[in-house]
Amino acid sequence: MYIKDLSKYEGQEVTLRGWASNRRSSKGLEFVILRDGTGFCQCIVDATKVAAEVFEKAGKLKLESSFSLKGKVVKDERQLGGYEVHVSELEIYQIAEEYPIAKKEHGVDFLTDNRHLWLRSSRQWAIMKIRNRIIYSIHQFFQENEFVEMDAPIFTGNACEGTTNLFETNYFDETAYLSQSGQLYGEAMAMAMGRIYTFGPTFRAEKSKTRRHLTEFWMIEPEMAFFDIFDNMDLIEAFLRRVVSDVLRDCKNELTIIGRDTAVLENITKPFPRLTYDEAVRIIKGEQDVNGKNSIKELETELASVLAAIEATKKEIAEREEKIKTPGMKKGEIGFNQSKIDKLKQELADLEEQARNIPQWLNSARNFTYGNDLGGSDETVITRLFDVPIMVYNWPHAVKAFYLKRDPDDNRFARGVDVLAPEGYGEIVGGGERETNEQMLREKITEHELPMEAFEWYLDLRKYGSVPHAGFGLGLERLVTWICKLPHVRESIPFPRMMGRLLP
RNA sequence: UCCUCGAUAGCUCAGCUGGUUAGAGCACAUGACUGUUAAUCAUGGGGUCCCUGGUUCGAGCCCAGGUCGGGGAGCCA
């Protein structure tokens, strides 16, 4: 019997098992919030209706104590799930020690140190449920469309793209690297099966300390024979539409818990704008407007509003600090104001951070040099102008990976495509059509100063029945982060691995 | 690697221009309260002010070096 099924048992006796996520008490009433992994439910122990011993046990429950109970399911509109349980019996498994995560605001450092416990909180629970629904949708979409899941190896003998820093391991006294992408293997598997997708962990040893980087993350990489870049973009669009629609339909409760405004997600049914690199650059530099919005002006407006918000927040903090000094103020009111002040200070720190960053971004957008790759801030700047994911394709070939196909209509460009999520989230997908010409690939490998011998097996794919093909890589955590509108990728994965963080 | 912000009670944070015994809220303990939603109210215990050195009659506060963490650039999903 689980909390998620309570609605089917209205008026009946049920047995539930779980943990106490909160407890409040009055003289003759104990309110215990039970969580069992499937949901949260308020359980009421009424001293006038249960044995004295049961009431006493309920009073002993500390945060996160484990217990089971029997009780009657009662409809109550005030509850999030719509139901509560009137307890008749209660058995304790264990009374928990003092729980470190209090019913209050905590800093990221403390919460990350306590990730093993933080996962129990309702917000983290909801995010993980959504992550699970996304993973399920990904498999459903590909399986229903004749894709075969085939995974790439995690130990690799060579730095596949030669671009990023990799983790080195000792592999029987040889150097092995942890995979940064299954892409090249995906191509080999697509030549065997037609359509495949990989789903596995990926490792990047970059010393990136930002809200969108992890050193270990999960990547989904489909690869399709006989697809060109346009077929690829059609697939990406259908795929993302499917995943987001499933979440909207099946995770309403979870989205409510995390307070996600779903308006932007509902836009997923609209077509995704497809911009060439040239157009994207004009938009970033402010030379071309989008629906009457100009990137530079939007940024300037935002900077002004951030600065105004900083002043307003400072003023409110000062006012509340003055207020709580008033003699004779009730303790509760002081506490209320104090916690408001704490919250405002956190907001202020975030705003000040933005006020330091936006001028840099403005500078970077204004002085963007044609021919360069888009930086993180450029992605942020452009995606804020749209309310759906956008696809940017046809990149200057020099800034993209060696295996991308040169555009047959204009050889300055390579047929890569990046999908940028709206609301400032930036790149969630990178992909493209692959080069089919062996000679061209050899030149590119030499140009990138990569060891030719490590790629001979890959070049074989162009000798034996080379066909047009394309694929893409989706960063699972970045997708979760955008769909949930999280402030940081670290909340999108059970145990995030970042620079300097191996525990828990 | 570079830029930038920070480290004070178990947690979140105050601490003024360097000055006596370092504060608040939450959490915890005890008591009060019959419908609470981070319940509320009263009382109480709780400190290596990140480390090392320096300036000073005097350092949580100033200076130098270090450690750890946040955010951003580069790189990328």
Describe the nucleic acid contact of A/L474 in one word from base, sugar-phosphate, nothing, applying a heavy-atom distance below 4.0 Å. nothing
Scan side-chain atoms only and decide if A/R133 and A/S137 contain a donor-acceptor pair under the 3.5 Å cut-off. yes
So, is A/R211 near the phosphate of B/A77, with a side-chain N or O under 4.0 Å from OP1 or OP2? no
Let's see if you can work this out: which of B/A29, B/C75, B/G70 has an atom nearest to the side-chain heavy atoms of A/K62? B/A29
Just the atom pairs and distances: protein N or O near nucleotides 3-7 of chain B's N or O, under 3.5 Å.
| from | atom 1 | to | atom 2 | distance (Å) |
| --- | --- | --- | --- | --- |
| B/U4 | O2' | A/R356 | NE | 3.2 |

Rounded to whole angstrom, note down the C1' distance from B/G10 over to B/G19. 31 Å
Counting any heavy atom closer than 4.0 Å, what does A/G375 reach on the DNA or RNA strands: base, sugar-phosphate only, or nothing? sugar-phosphate
Dot-bracket for RNA chain B, 5' to 3', counting Watson-Crick or G-U wobble pairs under 3.5 Å, with [ ] for crossing pairs and | for inter-strand pairs? (((((((..((((.....[...)))).(((((.......))))).....(((((..]....))))))))))))....
Does the side-chain ring of A/F217 lie flat on the base of B/A77, meaning centres under 5.5 Å and planes less than 30 degrees apart? yes
Report yes or no: is there a donor-acceptor pair, N or O only, under 3.5 Å between the side chain of A/R501 and the base of B/C68? no
Taking atom C1' in both B/A29 and B/G45, what distance in whole Å separates the two? 8 Å
Nucleotide nearest A/H213 (side chain, heavy atoms from C-beta), chosen from B/A77, B/G72, B/G69: B/A77
Answer with yes or no whether A/S208 presents, from its side chain, a donor or acceptor under 3.5 Å of a partner atom in the base of B/C75. yes
Just grab all the salt bridge (Lys or Arg N to Asp or Glu O under 4.0 Å) pairs involving residues 210-224 of chain A, residues at least two apart or on different chains. A/E223-A/R434
Does a salt bridge link A/D234 with A/R274, judged by any charged N lying under 4.0 Å from a carboxylate O? yes
Span that lies between the C1' atom of B/G6 and that of B/G46, in whole angstrom: 25 Å
